[in-house]
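Values reported hereafter were calculated over all heavy atoms of this structure, with side chains retained and with hydrogens, waters and symmetry mates removed. Start at 1 and go down the list; that is how both ligands and their atoms are numbered.
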Amino acid sequence: MQLRQGNTPSSYHPNSLHDLIRSAIVKAKNLDRPVLLSYSQTWHPSDPLLFLATHAQPTQPQFYWEQPSKDWIVAAAGSVVSLSPNASLCESRFEQAKQFSTSLLADAVVGNAADLEGLGLDANLVASPYVLGGFAFHEAIAGFQQDNWHSDRVTRNGEKIWHGFPPVMWFVPRWILHRTGGRSIVTVHAYIQPQDLWEAIASSLATTLMELRHNSHENSQDRAQGNSQNASIESSHHNPFPFSTPTSLRTEEVLGNQSWSGIVEQALDLIQQQKLDKVVLARALDVSADRAFNPFAVLHKLRCDYPECVSFLVNCGSDDTFLGATPELLLQVQSHVDYLGLRSNAVAGSIQRGKTEAEDRILSDRLLNSQKDINEHKIVIHSICDRLQSMGAQLDKLAPTQLLRLSNVQHLYTPITAKLPNADWSATFDVLAKLHPTAAVGGEPRDRAVQLMQQWEACDRGWYAAPIGWLNGNGEGAFAVGIRSGYICGDRARIFAGAGIVANSQVTTEQSETTIKFAALLKALGVT
Ligand SMILES: C=C(O[C@@H]1C=C(C(=O)O)C=C[C@H]1O)C(=O)O
């Protein structure tokens with residue numbers, strides 16, 4: 001863990017909660033605008049997903065992020081302040097999120113409980129305010145109504161789509177539980193107005209903390225699992241989400257004007273005519289069940305099956321939950337005194353897993369030596385590197401391309417790291433706007449590819465393949481590409497899978513690749 005750097009957004013305030021609230025009110029009065037307060041304390045070790053499932057209310061926004069490779073879990077719910085996307089503004093949704101986050105984190109008043117103070121500097125770094133959420137793939141979602149995004153969004157064939165998802169949901173949660181290094185910390189936020197009375201704020205924060213502490217189910221689950229500081233979720237034989245799984249499930253491909261293989265053929269024609277280098281085309285499946293899916297149980301299956309991935313869940317406070325386990329990190333940032341450290345992972349080029357070790361090795365070798373996949377992967381590396389360089393980023397020496405093996409599929413994978421000089425954490429949003437969509441989920445040239453997918457794909461991508469992530473007051477942040485994903489609404493789910501089409505792609509091979517990718521979500525939903 002690195003030490004707090006000079007240009008991190010929030011200033012640290014080591015006082016009691018009551019003193020902290022007083023300082024925040026004084027600051028709000030002096031600035032004549034609301035300020036964010038965050039207060040953190042250590043928490044008893046618990047499974048953050050179970051914690052979210054038992055403490056979030058259905059009408060509250062919810063967010064979950066589990067990144068085992070970074071030993072980083074964030075579970076959050078409620079909202080003290082959120083960005084209301086304004087379609088009439090000419091700024092993009094990333095620029096709106098930047099403006100929203102900048103003053104919030106810059107003015108934040110941050111403090112820790114005495115128990116955290118005792119743990120030293122490292123703990124202070126973990127305890128900070130967070131802004132988090134996600135974005136739609138395209139600037140606008142089909143049928144989105146500015147004033148009424150909870151209302152039914154209906155497509156041309158009369159179906160409700162992406163019902164609870166605005167083009168951007170970016171918010172400061174009421175509470176957040178983060179677990180890293182075997183340590184759990186709860187942070188509560190308040191959005192303090194200049195005229196607020198400290199008693200009211202103190203009582204509201206105390207109520208939030210009390211409600212979080214009070215939950216017999218969570219505590220009994222902890223006892224049942226014998227949770228200790230280092231207890232791993234995967235090693236627990238006890239299923240923390242016992243619920244009745246649907247017994248009867250039906251899947252149906254979402255049909256557009258043309259079949260998926262038809263649009264792949266058309267893409268190949270354009271590639272042959274050298275009008276396009278790559279386009280990623282997605283399919284969607286509707287799954288319906290005889291009873292409601294439990295999104296937390298579905299995510300639990302995904303995180304157990306895909307520990308190499310980022311498991312995520314976002315609910316904007318409606319009936320719909322978007323979730324998945326993605327192998328693709330779009331952007332990880334770390335603020336330093338005179339630069340912003342960047343990391344983005346190129347993931348493209350895929351083959352199935354073998355049934356035996358020998359078969360697996362043959363398939364890996366085939367992928368590592370496939371000129372078509374190497375080219376497809378290079379297009380993605382170049383799309384990321386060129387865009388970072390166009391912003392003035394200094395790229396580190398490129399690491400060799402490796403294999404990324406997931407339980408259903410293996411990919412070509414290259415981590416890309418860079419430094420953005422003289423930039424602070426707020427540049428994260430500029431980098432996101434530049435990178436999304438990379439050629440891993442968009443194509444090359446980007447605008448042409450995006451136009452084709454909007455014209456050809458059977459349904460709106462909504463939040464599929466778009467950035468989901470968080471930023472905190474220590475100048476750290478991470479955004480994943482929301483693939484291997486779908487949304488759940490009661491007894492229905494819509495899941496997505498795409499494949500990159502380049503020169504020499506074969507329609508049947510690409511179709512099988514999407515089938516393999518669908519398998520992750522299908523299995524988690526209970527389709528065998
Ligand atoms: C678009 C998806 O995956 C992307 C496409 C890949 C490919 O075509 O080889 C590999 C990984 C992802 O970049 C998806 O899973 O939906």
task: If a pair satisfies ring pair (Phe, Tyr, Trp, His ring centres under 6.0 Å) and one of its residues is in residues 494-528, list it, with sequence neighbours excluded.
output: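 The answer is Trp162-Phe496, Tyr464-Phe496.
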field: Name of the residue among Phe100, Phe135, Trp170 meeting ring-ring contact (aromatic ring centres under 6.0 Å, His included) with Phe429
entry: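 Exactly one candidate clears the test, Trp170.
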query: Which one of Phe479, Phe171, Tyr130 satisfies the ring-ring contact (aromatic ring centres under 6.0 Å, His included) criterion with Trp470?
result: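 So the option named by the test is Tyr130.
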query: Which pairs, with at least one residue in residues 161-170 and sequence neighbours excluded, count as a salt bridge (Lys or Arg N to Asp or Glu O under 4.0 Å)?
result: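 Sorted result for residues 161-170: empty, none.
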message: When you measure from the side chain of Glu457 to the backbone of Ala282, do you find a donor-acceptor pair of N or O atoms at a distance under 3.5 Å?
response: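 Judged by distance alone, yes, a pair lies under 3.5 Å.
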- request: Using heavy atoms and a cut-off under 4.0 Å, could you grab the residues that are in contact with ligand 1, chain by chain, numbers ascending?
  value: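 Residues Val280, Glu328, Val347, Ala348, Gly349, Ser350, Glu376, His411, Ala440, Tyr464, Ile483, Arg484, Ala497, Gly498, Ala499, Gly500, Glu513, Lys517 each place a heavy atom under 4.0 Å from ligand 1, listed by chain and number.
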Please report, to 0.1 Å, the donor-acceptor pairs under 3.5 Å made by any side chain of residues 319-328, with sequence neighbours excluded.
unit_1: Asp320; atom_1: OD2; unit_2: His163; atom_2: N; d: 3.2
unit_1: Asp320; atom_1: OD2; unit_2: Gly164; atom_2: N; d: 3.3
unit_1: Thr321; atom_1: OG1; unit_2: Asn315; atom_2: ND2; d: 3.1
unit_1: Thr326; atom_1: OG1; unit_2: Glu328; atom_2: N; d: 3.0
unit_1: Thr326; atom_1: OG1; unit_2: Val481; atom_2: O; d: 2.7

